Amino acid sequence: MARTTIHLMRHGEVHNPEGVLYGRLPGYHLSELGRRMAEQVAEVLAASGHDIAAVITSPLERARESGAPTARAFGLAPSCDARLIEADNHFEGVPINRDRKILARPEHWRYYLNPLRPSWGEPYTQLVDRMSQAVRAAIPQVEGREALLVSHQLPVWALRLRLEGRSLVHDPRRRQCALASLTSLTFDGRTLVGLSYWEPAGDLLRRAADMVPGTSAAAENVGAGGAEAPNGSAGAERAAQDA
């Protein structure tokens with residue numbers, strides 16, 4: 001059977017000086033460093049003999065901009081798949097990394113009732129379902145070759161947790177899904193036979209700011225004015241990190 005690899009790329013660093021949880025909001029583009037990250041991913045893929053036959057991205061600007069250099073490097077026209085989009089989140093548009101006391105306001109309390117779902121955003125199971133569908137749809141497009149699918153941290157991480165048989169409920173600080181990283185899924189026919197994680201732009205991470213750095217070397221983007229965590233629930237802290 002044909003051996004096919006689907007690379008799940010997280011977008012590069014975003015220009016976000018206010019530390020806003022941007023979620024699905026339009027208008028958030030890659031920073032200069034983020035563009036360099038995307039270019040370096042393309043350079044590494046091309047130089048190391050990868051056979052990218054399709055570039056498919058989330059419809060959000062930062063994902064399309066992250067996939068563009070690889071598409072150019074391999075002479076491809078990128079496409080979008082809405083199933084790769086960022087997770088929905090109640091706190092979208094809120095500068096939570098700048099002032100986490102916002103999370104302690106009474107109007108938000110009802111969103112912390114069920115951290116297992118989670119109640120502040122798109123259910124983890126729904127994330128996994130749509131990401132799985134996007135991967136399955138890409139396989140026949142590049143049978144026997146490789147595809148780059150550009151998405152976002154939580155969707156990629158949730159899918160990885162499911163594929164590795166781990167609980168979808170997790171600590172965001174333990175996510176191994178850095179900016180511009182690749183989570184690579186290898187299939188024999190339609191059977192998953194390998195999963196690997198790598199950081200083609202890893203040398204740039206120490207200069208980067210990230211809303212949720214996870215295990216990476218990037219700093220947390222606290223935005224202008226710094227951040228102070230509220231004396232609130234653990235659910236509030238997890239909601240703040242589910243970006």
Side-chain angles (χ1 to χ4, degrees), residues 1-15 22-88 127-157 159-160 177-190 192 194-202 204:
M1 288 186 281
R3 186 64 62 99
T4 304
T5 298
I6 306 296
H7 303 283
L8 299 175
M9 178 183 176
R10 185 187 174 202
H11 60 79
E13 184 192 60
V14 176
H15 179 67
Y22 36 73
R24 296 178 177 180
L25 292 174
Y28 283 88
H29 298 267
L30 294 183
S31 65
E32 181 179 348
L33 180 62
R35 290 193 293 273
R36 178 61 195 136
M37 288 177 167
E39 291 164 0
Q40 187 159 313
V41 170
E43 292 166 3
V44 169
L45 288 171
S48 53
H50 287 273
D51 183 21
I52 305 296
V55 174
I56 306 168
T57 76
S58 155
L60 296 173
E61 293 100 329
R62 59 191 185 271
R64 298 201 311 268
E65 292 164 1
S66 294
T70 296
R72 287 194 299 269
F74 288 87
L76 303 169
S79 62
C80 289
D81 187 333
R83 292 172 293 195
L84 297 172
I85 200 166
E86 176 65 284
D88 188 29
L127 275 174
V128 169
D129 287 345
R130 62 175 171 86
M131 288 293 290
S132 297
Q133 291 170 17
V135 170
R136 287 197 298 268
I139 294 173
Q141 296 183 47
V142 297
E143 194 89 36
R145 302 178 68 187
E146 302 174 49
L148 183 75
L149 273 57
V150 187
S151 186
H152 307 268
Q153 187 190 65
L154 180 53
V156 172
W157 182 246
L159 179 59
R160 178 175 168 182
C177 191
L179 294 164
S181 63
L182 298 183
T183 299
S184 301
L185 311 178
T186 300
F187 295 86
D188 194 352
R190 299 297 184 273
L192 180 68
L195 187 156
S196 61
Y197 171 83
W198 49 306
E199 298 175 357
L204 302 177

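For clarity, every value in this text was computed on a predicted model and none was experimentally measured.
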**Message:** Using side-chain heavy atoms (C-beta onward) and a distance below 4.5 Å, is Leu30 in contact with Ser66?
**Reply:** yes

**Asked** Can you tell me how far the CE atom of Met37 sits from the OG atom of Ser31, to the nearest 0.5 Å?
**Response** 7.0 Å

**Prompt:** Looking only at atom types and distance, does a side-chain atom of Thr57 sit under 3.5 Å from a main-chain N or O of Cys80, one as donor and one as acceptor?
**Reply:** no

**Request:** Without swapping roles, check the side chain of Gln40 against the backbone of Pro200 for a donor-acceptor pair under 3.5 Å.
**Result:** yes

**Request:** With rounding to the nearest 0.5 Å, note down the distance linking CG in Leu149 to CG in Leu185.
**Result:** 9.0 Å

**Fill in**
Sorted by chain and residue number, the ring pair (Phe, Tyr, Trp, His ring centres under 6.0 Å) partners of Tyr28 (sequence neighbours excluded) come out as Tyr22

**Message:** Using only atom types and a distance under 3.5 Å, with no angle test, would you say the side chain of Arg64 pairs donor to acceptor with the backbone of Pro59?
**Reply:** yes

**Request:** Could you grab the distance from atom CD of Gln133 to atom CG of Asp81, nearest 0.5 Å is fine?
**Result:** 9.0 Å

**Item:** side chain to side chain contact (heavy atoms under 4.5 Å, CB included), paired with Val156, selected from Leu127, Val150, Thr183
**Value:** Thr183

**Asked** Are Leu33 and Leu179 close enough, and set up right, to give a side-chain contact (heavy atoms from CB on, under 4.5 Å), and what steps lead you there?
**Response** CA-CA 11 Å; Leu33 180 62; Leu179 294 164; over 6 Å; no

**Message:** Is it the case that the side chain of Arg160 and the backbone of Leu195 share a donor-acceptor pair, with hydrogens and angles ignored and the cut-off at 3.5 Å?
**Reply:** no

**Prompt:** Quick one: are Leu159 and Ser132 in side-chain contact, heavy atoms under 4.5 Å?
**Reply:** yes

**Prompt:** Can you tell me how far CG of Leu182 sits from OG1 of Thr5, rounded to the nearest 0.5 angstrom?
**Reply:** 11.5 Å

**Request:** Quick one: which residue pairs count as a side-chain hydrogen bond (donor to acceptor under 3.5 Å, both in side chains) with a foot in residues 134-147, not counting sequence neighbours?
**Result:** His7-Glu146, His50-Glu146, Asp51-Arg145, Glu143-Arg190

**Asked** Any donor-acceptor pair under 3.5 Å linking the side chain of Arg10 with the backbone of Ser181?
**Response** no

**Item:** Approximate separation, where rounding is to 0.5 Å, of Ser184 OG and Leu8 CG
**Value:** 7.5 Å

**Item:** Donor-acceptor contact present, side-chain Arg3 to main-chain Thr186, <3.5 Å
**Value:** no

**Message:** Checking Arg24 now: which residues fulfil salt bridge (charged side-chain N to carboxylate O under 4.0 Å, His left out) with it, not counting sequence neighbours?
**Reply:** Glu122

**Item:** Test side-chain contact (heavy atoms from CB on, under 4.5 Å) applied to Leu60 and His152, step by step
**Value:** CA-CA 10 Å; Leu60 296 173; His152 307 268; 3.6 Å; yes

**Request:** Begin with the C-alpha distance, continue with both residues' side-chain angles, and end with the deciding distance and a verdict on side-chain contact (heavy atoms from CB on, under 4.5 Å) for Leu45 and Phe74.
**Result:** CA-CA 9 Å; Leu45 288 171; Phe74 288 87; 4.1 Å; yes

**Message:** If the threshold is 4.0 Å, N to carboxylate O, is there a salt bridge linking Glu39 and Arg72?
**Reply:** no

